[in-house]
Amino acid sequence: MSSFELLSKFLQKKIWDMKWSNFTVIQEKAIPAILQTNNDIVLSAGTASGKTEAAFLPILTGVEDIADQALKVMYISPLKALINNQFERINQLCEYMNIEIHRWHGDVSQSKKQKFIKNPTGILQITPESIESLFINKPGVLPTLFKELEFVVIDEIHSFIDKERGVQLRSLLSRIEEFTKVRPRIIGLSATIGNFKVVKEWINLKHPENVSIIEDKSSDKQLLYSLMYFETEEDNNKPVELFEDMRDLTKEQKSIIFCNSRGSVEETTVFLNRLAKKNGAGETYYPHHSSIDKKEREYVEKIMSETKEPKSVVATSSLELGIDIGNVDLVVQLDSTYTVSSLKQRLGRSGRERDAEQMLQLYGTGKDSLLQSLAVMELVLDKWIEPAEGYAVPYNILFHQVISICAEKNGVTLKKLLELIENNDIFHSLNLSKAELLIHHMIQNDILEKLSGKGEIIVGLEGERILRSKEFYSVFLTNEEYEVVEGTRKIGRIDKTPFIFEGDNVILSGRLWTIIFLDTERNKAYVNKAVNGKPPKYLGDGGKIHKKIGKKMMEILCSDDNFEYCDGKARAALAELRRPYHLYGIDTTDRVMWKEKGNTYFLETFSSTQIATTIFWMLKIAGANPKGKDLLGRIKFEYDGSLTKLYNDLKNFTWDEKDLLEEKKKKEDFHSKYAEFIPQELKDELHIKHELDLKGTIEYLHQYQWKLIGL
DNA sequence: GACCTGCTGCGGGTTG
């Protein structure tokens with residue numbers, strides 16, 4: 001039977017109506033996989049390959065008889081905007097069937113939510129945080145709500161797996177299984193995903209062999225790409241020629257220009273609009289990032305998806321996931337992304353029309369950024385992608401879920417609580433005695449309260465304070481911000497840093513403002529229009545790069561490859577970078593220590609961020625004085641003794657992660673929303689697992705030799 | 001050198 005014939009009569013009719021002449025590859029494969037097996041499934045294919053329909057056509061066929069009587073399908077999205085985008089798409093498929101589709105997220109009115117709760121049927125589209133809110137605020141309805149649930153569709157599943165948010169979501173799904181007649185099947189959707197082992201275990205820990213991965217590699221479109229170099233001037237300003245080139249390139253093409261920071265988005269937008277104005281064009285470039293007011297962002301998304309003009313949006317990773325902005329001809333990336341998967345996701349935003357090519361213009365504005373751009377691009381061409389790793393030792397999220405469970409159950413014995421933790425797939429691998437330690441710590445600090453009598457545990461007074469805040473529903477950390485307003489009009493937000501003052505001029509939402517009054521109590525910044533300004537400073541985290549990117553950079557430095565897609569200036573800059581490596585006959589298995597002057601050295605680790613961090617603190621304990629470390633993993637340090645001895649100490653010493661951590665903690669803490677509430681021992685373990693890599697570092701030290709070169 | 005994501009209930013005012 002063909003895939004088409006497997007579908008219900010109503011959906012066949014709908015497909016005729018929509019005048020589809022054929023299914024995409026992923027749809028052709030997904031239909032029998034969903035209808036003729038009971039497996040969990042990951043659908044992995046490029047953007048615009050019709051993954052949503054690939055999942056929903058067979059799912060709707062499977063549930064249509066009973067979907068008017070109970071909730072059968074839950075669609076989970078990382079973004080509210082994606083829920084709204086997909087609502088129409090799924091609703092359209094349901095036209096001839098009696099299946100209702102309900103949206104549930106923070107912007108949906110209480111009355112709509114009440115209506116759904118009274119008669120929960122069909123399909124529910126929801127965010128992880130809103131599922132959390134169901135457990136906290138409506139525990140009574142959960143057993144009837146989820147009883148008949150058969151399918152859980154997780155969109156952009158890669159955006160969850162390695163994150164705190166993924167631990168929360170997986171925990172909530174395990175908790176839902178308590179109420180369902182059968183374990184619901186999980187269908188994950190993603191464009192970019194690596195390391196299927198971890199993905200399979202995340203989806204189905206008990207039977208990872210029952211997770212089928214369905215890939216369509218042919219949906220990778222033909223790619224046209226080039227890399228240009230514009231050296232940043234001494235005053236640290238980006239050269240005018242860079243923006244002129246960008247303007248030229250985007251004059252006749254609809255584009256997305258990706259920048260790595262919100263400040264850079266603002267600066268680039270203003271510059272490009274100034275150049276466009278000089279050409280007599282109207283407003284052509286629109287900024288898009290998380291600190292621009294939501295209404296303004298939605299306006300930009302609307303303009304971009306409706307316009308036929310060559311307009312461009314300048315964005316951060318805010319436009320990386322599938323928000324609809326119509327077809328785009330060209331993707332521009334200003335300086336390198338931190339990950340290969342991010343670049344891959346971004347270039348997937350062009351050539352959305354079938355058979356159209358993807359076009360990518362990379363710009364490097366400094367030698368380091370050029371090297372990293374090349375390394376990341378080469379890894380895209382090698383078809384490599386960062387493997388999913390999961391989120392290690394999630395005691396912080398366990399803390400959160402223990403409060404949530406106690407609130408949901410309104411009191412639970414210690415024995416039962418430990419049982420729930422052990423049977424929760426995402427916490428299953430944690431040592432149960434550590435979980436018990438955490439619970440006792442929570443009782444001691446009034447987060448939980450142990451009732452006398454049956455010994456039930458409920459949420460304590462301090463726990464109530466955390467639980468009853470609107471912040472509780474999400475597990476990720478956010479910065480404190482000022483809301484920027486002009487009179488009564490919201491412009492956006494700037495981070496609340498000590499470096500911001502009344503009288504400062506800032507660029508926000510592509511326009512210039514003077515701050516006239518800072519209300520530090522209400523966190524509001526009142527502004528007037530200005531004629532000049534600088535991009536605002538936002539507080540960031542600092543990125544992490546995978547060791548494969550470091551390794552690739554070293555390979556590029558040691559090779560002679562001229563990379564056809566580089567322009568002359570990029571090649572000249574690359575030649576300059578390579579000169580010392582060629583001069584000293586350095587090989588890819590070497591790692592160089594450049595002697596700067598006297599007792600000061602530069603060690604180029606060219607590996608992962610975690611390995612560079614580990615070596616940094618090893619140097620400190622071994623008696624050297626490390627001064628600083630950059631993102632390419634160059635460590636500057638002072639040392640008076642013999643470097644051979646230092647090297648051998650690092651390599652042969654029996655290192656203990658705890659010693660390294662004690663040194664590191666004197667300077668840096670572990671940042672996570674609930675880290676401050678968990679026992680020190682558990683917090684240290686989290687810190688070690690996420691920021692250091694001792695095993696990897698020892699391997700690394702045995703794999704590469706240090707080469708000392710005195711300049 | 002960083003980016004992104006999410007949430008409720010209630011009091012008070014405004015609009016249909």
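The chains referred to below are lettered A, B, ... by the order of the sequence lines, with proteins before strands, and numbering in each begins at 1.
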What contact category does [X] fall into here, base, sugar-phosphate, or nothing, at under 4.0 angstrom with non-hydrogen atoms?
X      : answer
A:S130 : sugar-phosphate
A:E132 : nothing
A:K113 : sugar-phosphate
A:L631 : base
A:N137 : sugar-phosphate
A:R468 : nothing
A:K163 : nothing
A:Q372 : base
A:I545 : nothing
A:G106 : sugar-phosphate

For the pair A:E164 and A:K673, evaluate salt bridge (charged side-chain N to carboxylate O under 4.0 Å, His left out) and give the outcome as yes or no after the intermediate values. CA-CA 10 Å; A:E164 293 169 322; A:K673 195 162 172 182; over 6 Å; no
What parts of residues 293-303 of chain A reach DNA chain B, counting only heavy atoms under 4.0 Å away?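 Result for residues 293-303 of chain A: A:R297, sorted by number.
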Indicate the ring-plane relationship of [X] and [Y], choosing parallel, tilted or perpendicular according to the 30° and 60° boundaries.
X      : Y      : answer
A:Y674 : A:H400 : tilted
A:F179 : A:F146 : parallel
A:F271 : A:F243 : parallel

Return whichever of A:T339 or A:S469 has its heavy-atom-nearest nucleotide of DNA chain B closer to the 5' end.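 Upstream on the strand: A:T339.
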Criterion side-chain contact (heavy atoms from CB on, under 4.5 Å) against A:V484, the qualifying member of A:V506, A:I494, A:I292, A:D293: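 Exactly one pass, corresponding to A:I494.
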Heavy-atom pair of closest approach, residues A:S255 and A:M304: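 Where A:S255 meets A:M304 most closely, the heavy atoms are O-CE, 3.8 Å.
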Could you pull out the closest heavy-atom pair between A:C406 and A:L448, with the gap in Å?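 Looking at all heavy atoms of both residues, the shortest contact is SG-CD2, 4.0 Å.
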Can you check whether A:T497 reaches A:I500 side chain to side chain, under 4.5 Å on heavy atoms?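 Answer yes - side chains close enough.
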Pi-cation contact, A:F476 with A:R165 (under 6.0 Å, within 45°):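 No, a cation-pi geometry is absent between A:R165 and A:F476.
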Taking 5' to 3' order, which nucleotide of DNA chain B is first and which is last to have an atom within less than 4.0 Å of a heavy atom in chain A?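 So the contact region on DNA chain B extends B:dG1 to B:dG9.
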